[in-house]
Amino acid sequence: MTDTTSSKSSNQMWGGRFAAGPDAIMEAINASIGFDKRMATQDIEGSRAHAAMLGATGILQASDVDAIREGLLTVLSEIEAGEFAFSTALEDIHMNVEARLKEIIGEPAGRLHTGRSRNDQVATDFKLWVREQLDATDTGLCALIRALLAQAEAGAEWVMPGFTHLQTAQPVTWGHHMMAYVEMFGRDLSRVRDARARMNECPLGAAALAGTSFPIDRHMTAEALGFDAPSANSLDAVSDRDFALEFLSVASICAVHLSRFAEELVIWSSAQFRFVALSDRFSTGSSIMPQKKNPDAAELIRAKVGRIFGANTALMMVMKGLPLAYSKDMQEDKEQVFDAADNLMLALAAMTGMVTDMTANRDSLAAAAGAGFSTATDLADWLVRVPGLPFRDAHHVTGSLVALAERKGCDLPELSLEDMQSAHPGITAEVFDVLGVENSVASRLSYGGTAPARVREQVARWKELMS
Ligand code: ARG
């Protein structure tokens, strides 16, 4: 057995009642500095707002506040320059910053923690961090939507097969397919904005859990940190991680959308489909098969939802059943969110790059659009519209013509008029007009339909929204 008894003295921040320092294993399980150092900027920003408020309310003397402000800027510059020595014994970013501040400015550093606790401090830091990620997601989604709009605009009238069950269903346009993803990522964008608006309340000043007896001004710190208001219940303020859960939920749904699109790109770029060519910049080769150009970025984007939704599940489980208010369990929130955020940003950027660079293969799309009896519904609709058949009968007649074409090994437009009339005598030569894919898509003018005119309207609407 390893002897893990520590000969260290008790913790300089909270060790007043302790005779001995922590066991090494205790230190290892307790410390979060290894990851929460990513919140250094937010921690210092929160402390600067808190100190300024303590000065403005007369709780601290101006000279102490000045020393704290200057000292915190020095700490920040040390961290930014990579010169800061993070200490595991000091547990987390909050105590690392405060201890260094003490080394730099001495006694006034000990006054910074007046009227606050690490519980409201960490909630504030983490909210600031998550808020930045929501803003970065907003930016990333806008870039992706713009890339999709450019594709949709260029190919508003290019025909391609539309699928249900991954079986050819009806012809659609390339622009329409791109715009389907614009709608999906547009909903993600609206979820990001909803979440940001809802989370923007400041926990700082809730102190450990009950508020404080010092005459602090929570409105002042909330405003200084860009929050809309201070949170209204101190117990809730220190124990709330909804903002992180909501970020992870929004990120998970977005990652699901990214994975669906990535899957289509993997299929479309295969030799069997050839619907798109991905650029060299977003593809890789094989070390053994010289002919290969693999859609690795798309595959990795397809996979990212695993860890992002995993983080969502993990934090849901961490928070489940926690009694009010703060519990150390909640320290397990950060790594999940950090990892999910990093990977979501990467996936959004990679997808935007791929969409910007990809070239649709118009000929393959058009050839596939007409295959597989894709205009059978147009034929049935024509039978309703012209000879006036009930739709069910029209469906049946069309089905028999599809079977005939299948027996003859041809597509619907290649059947003769006599073949057509053998299924229903009311069919005239005009029917051939609706069997072409271009006419098929042009006829789907219902609102939200695939007709190029409709697609252009939607592109214009989205361009306006994104401007
Ligand atoms: N490192 C801690 C966390 O991330 C900070 C809060 C600690 N609070 C406490 N009462 N021990 O949650």
Side-chain angles (χ1 to χ4, degrees), residues 10-18 21-23 25-47 49-50 72 75 79 84 86-101 109-110 112-133 199 202-212 221 225 231 233-245 247-248 311 314-341:
S10 67
N11 187 290
Q12 57 171 290
M13 294 294 179
W14 44 250
R17 63 164 291 175
F18 288 77
D23 188 282
I25 290 175
M26 177 62 208
E27 197 170 277
I29 195 171
N30 200 35
S32 53
I33 188 62
F35 47 89
D36 67 15
K37 60 181 165 205
R38 283 189 72 171
M39 305 193 307
T41 317
Q42 292 76 14
D43 192 68
I44 290 170
E45 199 187 339
S47 287
H50 184 66
L72 284 171
V75 177
I79 292 174
F84 191 96
F86 292 103
S87 150
T88 309
L90 287 165
E91 280 184 41
D92 56 25
I93 187 62
H94 324 295
M95 299 207 293
N96 269 268
V97 169
E98 195 185 316
R100 180 69 188 126
L101 184 66
L112 170 61
H113 215 49
T114 313
R116 77 169 182 189
S117 146
R118 272 190 296 156
N119 296 350
D120 57 336
Q121 192 179 356
V122 71
T124 306
D125 294 1
F126 196 32
K127 263 199 171 178
L128 291 172
W129 199 91
V130 170
R131 196 175 68 186
E132 278 174 28
Q133 297 306 308
M199 65 95 79
C202 185
L204 194 60
L209 75 167
T212 174
T221 41
L225 295 170
S231 47
N233 181 297
S234 60
L235 287 169
D236 176 52
V238 293
S239 63
D240 166 39
R241 291 296 180 271
D242 288 5
F243 60 95
L245 290 172
F247 171 69
L248 293 174
L315 189 56
M316 287 281 184
M317 290 306 98
V318 167
M319 296 308 294
K320 177 196 166 294
L322 282 188
L324 296 183
Y326 177 84
S327 296
K328 196 61 173 260
D329 308 49
M330 290 159 67
Q331 180 168 285
E332 291 283 310
D333 55 3
K334 290 169 211 63
E335 286 164 291
Q336 302 296 341
V337 173
F338 292 166
D339 184 74

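FYI, side chains are in, hydrogens and waters are out, and symmetry mates aren't considered; it's all heavy atoms of this structure. Atoms within a ligand are numbered from 1 in the order they appear, just like the ligands themselves.
Residues Glu98 and Arg118 are not paired through a salt bridge, judged by the lack of any N-O separation under 4.0 Å between the basic side chain and the carboxylate.
Counting only residues at least two apart or on different chains, the salt bridge (charged side-chain N to carboxylate O under 4.0 Å, His left out) pairs with a member in residues 34-46 are Arg38-Asp342.
Between Phe243 and Phe126, the two ring planes are perpendicular [angle over 60°; tilted spans 30° to 60°].
Under the salt bridge (Lys or Arg N to Asp or Glu O under 4.0 Å) criterion, Asp125 pairs with no residue at all, not counting sequence neighbours. Every residue two or more places apart in sequence or in another chain that forms a salt bridge (Lys or Arg N to Asp or Glu O under 4.0 Å) with Asp339 is listed here: Arg307.
Ligand 1 is surrounded by Ser32, Asp36, Asp92, His94, Arg118, Asn119, Val122, Tyr326, Gln331, Lys334, each with at least one heavy atom closer than 4.0 Å.
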Under the criterion side chain to side chain contact (heavy atoms under 4.5 Å, CB included), I'd like the reasoning laid out for Phe86 against Ile79: C-alpha separation, chi angles, the key distance, then a yes or no.
CA-CA 9 Å; Phe86 292 103; Ile79 292 174; 4.2 Å; yes
